[in-house]
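One structure is given below, encoded as structure tokens.
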Amino acid sequence: MKIFQNLSIRNKLIVIVLMVSLLSITLGSAFVIYNNIQTFKDNMISSTDQIAQFLAEACGAPLAFEIPEEVEKELNKLKGMPIVENGYVYGEEGEIYKSYNKSGDHFTPPPPKDETSVEFKGEYLHVSRPILSGSERIGTLYIRASTAPLTQKINSYLQGMLLGFIGLVVLTYLLAVRLQRFISQPILKLADVTGHIKEEGDYSVRVRKEGEDEIGVLYTGFNDMLEQIQMREKQRDEAMAEQQRLMAELADKNKELEQVVYVTSHDLRSPLVNIQGFSRELNYSIDELISLLRSEEMPAHVKEKFAFILEEDVPDSLKYILSSTAKMDSLLSGLLKLSRVGRTATTMGDIDMNELIAEINNAFEFHFKDAGVAFTVDNLPSCFGNNDELNQMFSNLVSNSLKYLDPKRPGKISITGRREKDKVTYCIEDNGIGIEKEHQKKIFEIFHRLNPDDSQGEGLGLTIVNKIVSRHNGKIWVESEPGKGSRFFISLPAAKANPPVQ
Ligand code: ADP
């Protein structure tokens, strides 16, 4: 059954037609053969019986008048019947009166029968008929006829039938091969079209309908389905094209924005440096003026006024100018740092995080000691990324942990990490002031600061961290409880050359 299921449709149809035809031809032929063989036998029986009947009648008178030569003469007429091998005439008592033996072979005739009898036995047909004189039985005629001609006739008939049968089978096969196309061809055509669609992804093809039968309905359904897929493909292509256009527009705008931030933060710093420099110069000049003022002779009230302006007003204003420019300077350098992330070509590779954190530890050692902070680091798994950017990212996070420690308790900062499949997750934990739930997402936004007056900063540190993380296809999230501390998690791609031991 499995072999049949795996046959092609074409071969399945041929096999089905052949099987059905063979079965009906075989049954029909068997019926015809049986009937014809019966007819052949009946014909032999009736012709032999007729001979026996004639002979019995012809022998009646010579036997009644006991003329043996005449009986023998009649029996010898059997020579004209080649199928008759033996003929016997029995007398009234059952004794053999006269006999005829065609081949002369020894043969023991059966005892005479009372009734007329015709029967096939062995390779002969045995016929017995009573010999009558009037209505009185005076003897018996027995004839033995060979069935060899009948067998030969049946054999050649069977051979003919066999040839006919073979011819019919061949004809049926040829017809099946030709006719199966009406069913298999449309299905194969459909399979061809499906194969073409699968290989080329071309949904514009259609199958040409050739009739209104079930296959025609299937073709219509198939074409409708292709139409719908093609329509959806078109919509999807259009949506993708639109998406790509928007992405390109967004990338352009992003680039433009980065350029603006870069140019602004870069270019604004030189006039700022000038303002800072000249303000300092002004400061020196004022100091000089004050010393001059102290030495020169001048009316006391004018001197007092000058002194007030030079010692109070001007230094006050200069102080504000200097602190504002310092603030502006740090803001601009923060923006510059932000815009620089990703501007330069970054080389990515496996990063030994233990080494990287050791460098950060060195840089912050003084601050840790100064603030009395316990800084601990686990053995960290390596990751894949850019050394400078990751250094910047961890420095910002460590710096924040230091900056937002709780003055009420000794500070603790730790860095841990673990590897899972092709990802590593690091955690920077502190026991600082913590962050309220509603601010935990917003702190990654640009310029977002929670308590601007309590600490120094521009609200750019975490924005830079976020940008570096996304450039590394990583993730960052925070878990924090106000008054207890914060845990910043960073997930990054794991180092490639150092796969985990399975
Ligand atoms: P900045 O530190 O310059 O203000 P950041 O972008 O680095 O800017 O941080 C944004 C805000 O997130 C900070 O103002 C601070 O309120 C909060 N924050 C960041 N790190 C921590 C931390 N470890 N603990 C408590 N608050 C933090």
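Every number for a ligand or one of its atoms is a count from 1 in the order of the listing. Along the sequence shown, the residues carry numbers beginning at 1. No hydrogens, no waters, no symmetry mates; every other heavy atom, side chains included, goes into these values.
- At a heavy-atom cutoff of 4.0 Å, ligand 1 is contacted by no atom of F444, backbone or side chain.
- With salt bridges taken as basic N to acidic carboxylate O contacts below 4.0 Å, none links K253 and E249.
- Among protein heavy atoms, atom 26 (N) of ligand 1 sits closest to I435 CG1, 3.4 Å.
- The nearest heavy-atom contact from the protein to atom 1 (P) of ligand 1 is Y404 OH, 3.4 Å.
- For G432, the heavy-atom gap to ligand 1 stays at 4.0 angstrom or more.
- Between the NZ atom in K189 and the CZ atom in R208 there is a gap of 5.5 Å [rounded to 0.5 Å].
- Against a heavy-atom cut-off of under 4.0 Å, S486 is close to the following atoms of ligand 1: 24 (N).
- With respect to R206 and E227, a salt bridge is recorded, a charged nitrogen being found less than 4.0 Å from a carboxylate O.
- Numbered from 1 in the order shown, with element, the atoms of ligand 1 that lie under 4.0 Å from a heavy atom of L450 read 14 (O), 16 (O).
- Note: F489 and W477 have parallel aromatic rings, judged against thresholds of 30 and 60 degrees for the angle between ring planes.
- Looking from atom 7 (O) of ligand 1 to the surrounding protein, the closest heavy atom is N400 ND2, 2.8 Å.
- Relative orientation of the F40 and Y157 rings is perpendicular, given thresholds of 30° and 60° on the angle between their planes.
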Throw together a table of side-chain donor-acceptor distances under 3.5 angstrom for residues 170-182, partners on residues two or more places apart or in other chains.
residue: T172; atom: OG1; partner: L168; partner atom: O; Å: 2.5
residue: Q180; atom: OE1; partner: S184; partner atom: OG; Å: 2.5
residue: Q180; atom: NE2; partner: V177; partner atom: O; Å: 2.9

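- Between I321 and S279, the closest side-chain pair of non-hydrogen atoms falls below 4.5 Å.
- Scored by the salt bridge (Lys or Arg N to Asp or Glu O under 4.0 Å) test, R280 finds no partners at all (sequence neighbours excluded).
- Residue, atom and distance of the protein heavy atom nearest to atom 6 (O) of ligand 1 are L462 N, 2.8 Å.
- The protein non-hydrogen atom at the shortest distance from atom 4 (O) of ligand 1 is R449 NE, 2.5 Å.
- Contact annotation for E458 and ligand 1: only backbone heavy atoms (N, CA, C, O) come within less than 4.0 Å of the ligand.
- In terms of modelled atom types and a separation under 3.5 Å, the side chain of D213 and the main chain of G216 share a donor-acceptor contact.
- For atom 12 (O) of ligand 1, the candidate residues are V465, I443, D454, I464; the nearest heavy-atom contact is made by I443.
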Pair Y404-D430, side-chain hydrogen bond (donor to acceptor under 3.5 Å, both in side chains): steps then yes or no: CA-CA 9 Å; Y404 301 108; D430 62 54; over 6 Å; no
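- Heavy-atom contacts of G459 reach the following atoms of ligand 1: 1 (P), 3 (O), 4 (O), 6 (O), 8 (O) (cutoff under 4.0 Å).
- Of the protein's non-hydrogen atoms, D430 OD2, 3.0 Å is the one closest to atom 23 (N) of ligand 1.
- Below 4.0 Å from some heavy atom of K403 lie the following atoms of ligand 1, by number and element: 1 (P), 2 (O), 3 (O).
- Residue G461 has at least one heavy-atom neighbour below 4.0 Å for each of these atoms of ligand 1: 5 (P), 6 (O), 7 (O), 8 (O).
- Here is the list of ligand 1 atoms found below 4.0 Å of a heavy atom in L460: 6 (O), 8 (O).
- Residue G457 approaches ligand 1 through these ligand atoms, each under 4.0 Å from one of its heavy atoms: 3 (O).
- Using a 4.0 Å cut-off between charged side-chain N and carboxylate O, K442 and E445 make no salt bridge.
- Residue H448 has at least one heavy-atom neighbour below 4.0 Å for each of these atoms of ligand 1: 10 (C), 11 (C).
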